[in-house]
K.L.:
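Sharing a structure, written as structure tokens. Questions coming.
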Amino acid sequence: MERVERDPYGSAVKLLAREASKLLEEKGVCIEERPEYLVSPPPKPEYGDLSFPAFRLAKPLGLKPLEAAETLAERVRAAAAGSIIGRVESVGGFVNVFLDAAGLARRVFAAARTLSGEFGRVPVDEPLRIVIEHTSANPVHPLHIGHARNAALGDALARLLEARGHVVQRRFYIDDMGRQVAVLAYGMMKLSESGGPAEPRGKPDHWIGLVYAITHTLVDIKSTRRRLEEAREAGDEDRVRVLQEELDDLVGAAGELRERDPELFDALADAVMADEDPEESIARIARAYEFREEWAVKLVRSAVERCIEGFRETLEGRMGIMFDKWDWESDLVWSSMVGRLLEEARRSPYFTLHKEAEALDFKHLQRDPEVRSRLGLPETLEIPPLILVRSDGTTLYTTRDIAYSLYKFRDFNADRVINVIAAEQRLPQLQIRLALLALGYRREAFNMIHYAYEMVNLPGVKMSGRRGRYVALDNLIEAAIQKAGEEIAKRNRGLGEERTREIARQVGVGAVKYALLGVNAAKPMVFNLDDTLNFERNTAPYIQYAHARASKILAKAGGNIPWDVVDYNAADKHPARRRLLVEASRFPYIAAKAADELRPELVAEYLNGLAEIFNTWYPQDPVLAERDEGARAYKLGLVYLVKTVLHNALNLLGIPAPEEM
RNA sequence: GGGCCCGUAGCCUAGCCAGGACAAGGCGCCGGCCUUCGGAGCCGGAGAUCCCGGGUUCAAAUCCCGGCGGGCCCGCCA
């Protein structure tokens, strides 16, 4: 049991790659740093299960392409004894490998059987301690679909890395020191002063979002009116026109907001309009909070806590995306961590004064060739000096983020920190790494990864948190669950109301996650709810359905598989059966690759392919009707393998796999 | 002005970093399959200047150079 091979397929890949490397090494040449990348499944089944383009080796070995392929094939044949590599052919410069299906099945079945929920985990030799910070949405409005992409990615990365044996910590950064939070707090203050409804109605973050949007819009209306007034007095026609347009737009937004809660809106409107200078009131709250004055702490924290409560309901409660730590930006400042960082900055050779403000200048640092190559800096990129402290003595977001970056390394004794943050934050993320270098934190700078993802748009929706124009993630998920429930009800097999609801939740949430994870993070995407809810191919429900079918076949067989009588020679007797075995065996290899390359979409793509192959196979090669005892046992073993892989792979993406649906 | 990302059938996506065997799937469209373990299914068909132009190579969707189109970023905002 302890000697079970976790990844037989991967071993075959490695054997092929190793023989190619050795061949080159013996000749004293070195071209490909990792020949493993050259091993791939060939385009046609008659070419075998694995192929290696041996043309590459021809020139360095001083051979003709066909000779090189034959030489390598010969070596692989010799090395293949006792492995799952069967026939090895040399065709047109390729080395094609046919796996021994019976041997492969024997090993993979044993692995799936003994490892079960752990099957697919291939631990690295030297596990790392890795922090993943993700989602970290501004706590002033509900989460939307963009945050969902962030959360789904962060969670999937964490799961993938854990499956690789790394020790992972998930953190959420609560950015409570920005102006946006001060605006929200101001709104809350005015609300309680005016005796308006000061307690959340409905989900707390939705309510907070409304208070924030109303307050922000009212404050903007007030200041726009004032500027309009000034422009009129100055007789600046063009400016008057522009401001008038802006004001009309704001008033329109205010109208929309009022419709959502007239009582709340009117209470806030009266209070804000009565304020001489809202901007100053907001700035006062921000300052008082930074200096930890009790009234401000109470005010801000209670508002932000409500919003966070809503976030947790959505992320942890609904989506199953859990966090280990919730870090408050304000704690960093109050704890003097930011202060100490500034001390260090002032002693740095890169410290400079930019006008009145304290700053770091990276001009010299970015010429360092190692810095350039490791951070991937383009030659001509001009990185602006990074202001650390305003001339009024207050800190900036990025300053605090530098302190936070160090904190993440220290608090968890981390080897690596991955920040899942929108692609538009590239420059500030780069500046943080440069700042760490400037302060002498090389290890941290080179081990902090910005995992950038592009925007998610909803068709026909222009989002604006400040104006309250957004589609909340809760509503999208709700729609997905609703639709899933209808589909389940259509099939109507007396699952019972509660069970139906639970499965609908798993299917709906899974569909949303899969849609977000299936596309490479570097691509901007349009989230089309109709497509997501289509539940056809290339969706989570399609894959979950295959899993449910597999589960059902096993259940009908009585729940246990007669492993003792499995006839492994049955593996090769049917083309679709054989193909399914090979594809299912690829899982540990794929999971390891997806983890090492931080690419959850590889798992998503793999899952879809496996489900498809399973769906092709089972109607043409029935399991339960099989008369031969050994073959039937083999097929049950295969179904078990597929079910295990589907389950575990979905789990890597944070998607549940119901037994029935 | 500079930098980064993206550009593959009507639409969406994989392949690009690590160049190789007829560019792989999905949606939509057309045609089949409910007498077989649940049809959220299966089988078949039509549909592609891989944005354009050069270059490197035995071989380019993939690498290099130059363009074009779209997105994002260049605040004492966050």
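By convention in this document, chain letters (A, B, ...) are assigned in the order of the sequence lines, proteins followed by strands, and residues within each chain are numbered from 1.
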K.L.:
Rounded to whole angstrom units, what separation is found between the CG atom of Leu24(A) and the C1' atom of A18(B)?
P.N.:
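The answer, rounded to whole Å, is 14 Å.
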
K.L.:
Would you indicate, yes or no, if A78(B) has its OP1 or OP2 atom less than 4.0 angstrom from a side-chain nitrogen or oxygen of Arg400(A)?
P.N.:
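Checking A78(B) against Arg400(A), a side-chain N or O does come within under 4.0 Å of OP1 or OP2.
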
K.L.:
Quick check for you: among C5(B), C37(B), C27(B), whose closest atom lies nearest to any side-chain atom of Arg537(A)?
P.N.:
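From the listed options, C27(B) comes nearest.
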
K.L.:
Please classify the nucleic acid contact of Glu356(A) as base, sugar-phosphate, or nothing, using heavy-atom distances under 4.0 Å.
P.N.:
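Base contact - Glu356(A) has a heavy atom under 4.0 Å of at least one base atom.
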
K.L.:
Is Lys593(A) touching bases, backbone alone, or none of the nucleic acid, heavy atoms closer than 4.0 Å?
P.N.:
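Base contact.
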
K.L.:
Could you give the CG-to-C1' distance, from Leu66(A) to C58(B), as a whole number of Å?
P.N.:
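Taking atom C1' of C58(B) as the reference, CG of Leu66(A) is at 12 Å.
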
K.L.:
Do Arg87(A) and Phe98(A) meet the cation-pi criteria used here (NZ or CZ under 6.0 Å from the six-membered ring centre, within 45° of the axis)?
P.N.:
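Yes; both conditions hold, so Arg87(A) lies above the ring face of Phe98(A).
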
K.L.:
Measure OH/Tyr514(A) against C1'/A40(B) and give the value in whole Å, please.
P.N.:
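Spelled out: OH on Tyr514(A) to C1' on A40(B) is 14 Å.
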
K.L.:
Classify Asp175(A) by what it touches in the nucleic acid, base, sugar-phosphate, or nothing, heavy-atom distance under 4.0 Å.
P.N.:
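Touches sugar-phosphate only.
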
K.L.:
Within less than 4.0 Å of OP1 or OP2 of C43(B), is there a side-chain N or O belonging to Thr616(A)?
P.N.:
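So the side-chain polar atoms of Thr616(A) do come within 4.0 Å of the phosphate oxygens OP1 or OP2 of C43(B), strictly under.
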
K.L.:
Please tell me which of the listed nucleotides, C73(B), A21(B), A40(B), lies nearest to the side chain of Met661(A)?
P.N.:
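Selected nucleotide (nearest to the side chain): A40(B).
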
K.L.:
What nucleotide among G20(B), C73(B), A18(B) has an atom nearest to a side-chain atom of Tyr37(A)?
P.N.:
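For the Tyr37(A) side chain, the nearest candidate turns out to be A18(B).
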
K.L.:
Spell out, as yes or no, whether a donor-acceptor pair under 3.5 Å connects the side chain of Asn608(A) to the backbone of Asn538(A).
P.N.:
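Such a contact is found between Asn608(A) side chain and Asn538(A) backbone.
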
K.L.:
How close or far is atom C1' of G10(B) from atom CG of Asn528(A), stated in whole angstroms?
P.N.:
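Checked: the CG to C1' distance equals 15 Å.
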
K.L.:
Would you please indicate yes or no on a ring centroid separation below 6.0 angstrom for Tyr545(A) and Phe535(A)?
P.N.:
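No - the distance between ring centres of Phe535(A) and Tyr545(A) does not fall below the 6.0 Å cut-off.
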
K.L.:
It should be established whether Lys556(A) places a side-chain nitrogen or oxygen under 4.0 Å from OP1 or OP2 of nucleotide G38(B).
P.N.:
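Indeed, a polar side-chain atom of Lys556(A) lies that close.
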
K.L.:
Students often get this wrong, so: under 4.0 angstrom with heavy atoms, is Tyr542(A) touching a base, only sugar-phosphate, or nothing?
P.N.:
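Here Tyr542(A) touches the backbone only, sparing every base.
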
K.L.:
Look at all strands and tell whether Pro65(A) reaches a base, only sugar-phosphate, or nothing, counting heavy atoms closer than 4.0 Å.
P.N.:
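If one applies the 4.0 Å heavy-atom cut-off, Pro65(A) turns out to touch nothing in the nucleic acid.
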
K.L.:
Distance check needed: C4(B) P versus Tyr451(A) OH, whole Å only.
P.N.:
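So the OH-P distance, Tyr451(A) to C4(B), works out to 21 Å.
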
K.L.:
Tell me which nucleotide among C76(B), C5(B), A14(B) gets nearest to the side chain of Val519(A).
P.N.:
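Given the options C76(B), C5(B), A14(B), the side chain of Val519(A) is closest to A14(B).
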
K.L.:
So does Asp401(A) reach the base of A78(B) with its side chain, donor to acceptor, closer than 3.5 Å?
P.N.:
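Looking at the base of A78(B), it does not pair with any donor or acceptor on the side chain of Asp401(A) (distance under 3.5 Å).
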
K.L.:
Where the side chain of Pro622(A) is concerned, which of G26(B), C37(B), G38(B) is the nearest nucleotide?
P.N.:
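Selected nucleotide: C37(B).
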
K.L.:
Would you tell me if any nitrogen or oxygen in the side chain of Lys523(A) comes within less than 4.0 Å of OP1 or OP2 on C12(B)?
P.N.:
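Answer is no, no contact under 4.0 Å.
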
K.L.:
Test for a donor-acceptor pair under 3.5 Å between the base of A24(B) and the side chain of Glu605(A), counting only N and O atoms.
P.N.:
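No, no donor-acceptor pair under 3.5 Å.
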
K.L.:
Between Lys363(A) and Asp361(A), does at least one N-O distance fall below 4.0 Å, as a salt bridge requires?
P.N.:
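Yes, Lys363(A) and Asp361(A) are salt-bridged.
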
K.L.:
Can you identify which nucleotide, out of C74(B), C76(B), G39(B), has its nearest atom closest to the Tyr618(A) side chain?
P.N.:
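Of the options given, the side chain of Tyr618(A) lies nearest G39(B).
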
K.L.:
In terms of side-chain heavy atoms of Asn615(A), which of C42(B), A18(B), G3(B) is nearest?
P.N.:
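Out of C42(B), A18(B), G3(B), the nucleotide with an atom closest to Asn615(A)'s side chain is C42(B).
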
K.L.:
Identify whether any heavy atom of Gln180(A) sits under 4.0 Å from a base atom; if not, whether one sits that close to sugar-phosphate; answer base, sugar-phosphate or nothing.
P.N.:
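Gln180(A): backbone/sugar contact only, no base atoms under 4.0 Å.
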
K.L.:
Is any side-chain N or O of Lys635(A) closer than 4.0 Å to OP1 or OP2 of C37(B)?
P.N.:
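No, Lys635(A) has no side-chain N/O under 4.0 Å of OP1/OP2 on C37(B).
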
K.L.:
Looking at G39(B), I'd like to know if its phosphate oxygens (OP1 or OP2) sit under 4.0 Å from a side-chain N or O belonging to Arg491(A).
P.N.:
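Checking G39(B) against Arg491(A), no side-chain N or O comes under 4.0 Å of OP1 or OP2.
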
K.L.:
Establish whether the base of G20(B) is bridged to the side chain of Arg56(A) by a donor-acceptor pair shorter than 3.5 Å.
P.N.:
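Such a pair exists between side chain and base.
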
K.L.:
Just how far, in rounded Å, is C1' of C6(B) from CE of Met455(A)?
P.N.:
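Rounded to whole Å, this separation is 14 Å.
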
K.L.:
Does A78(B) have its OP1 or OP2 closer than 4.0 Å to a side-chain nitrogen or oxygen of Arg466(A)?
P.N.:
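So the side chain of Arg466(A) is outside the cut-off, no N or O lying under 4.0 Å from OP1 or OP2 of A78(B).
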
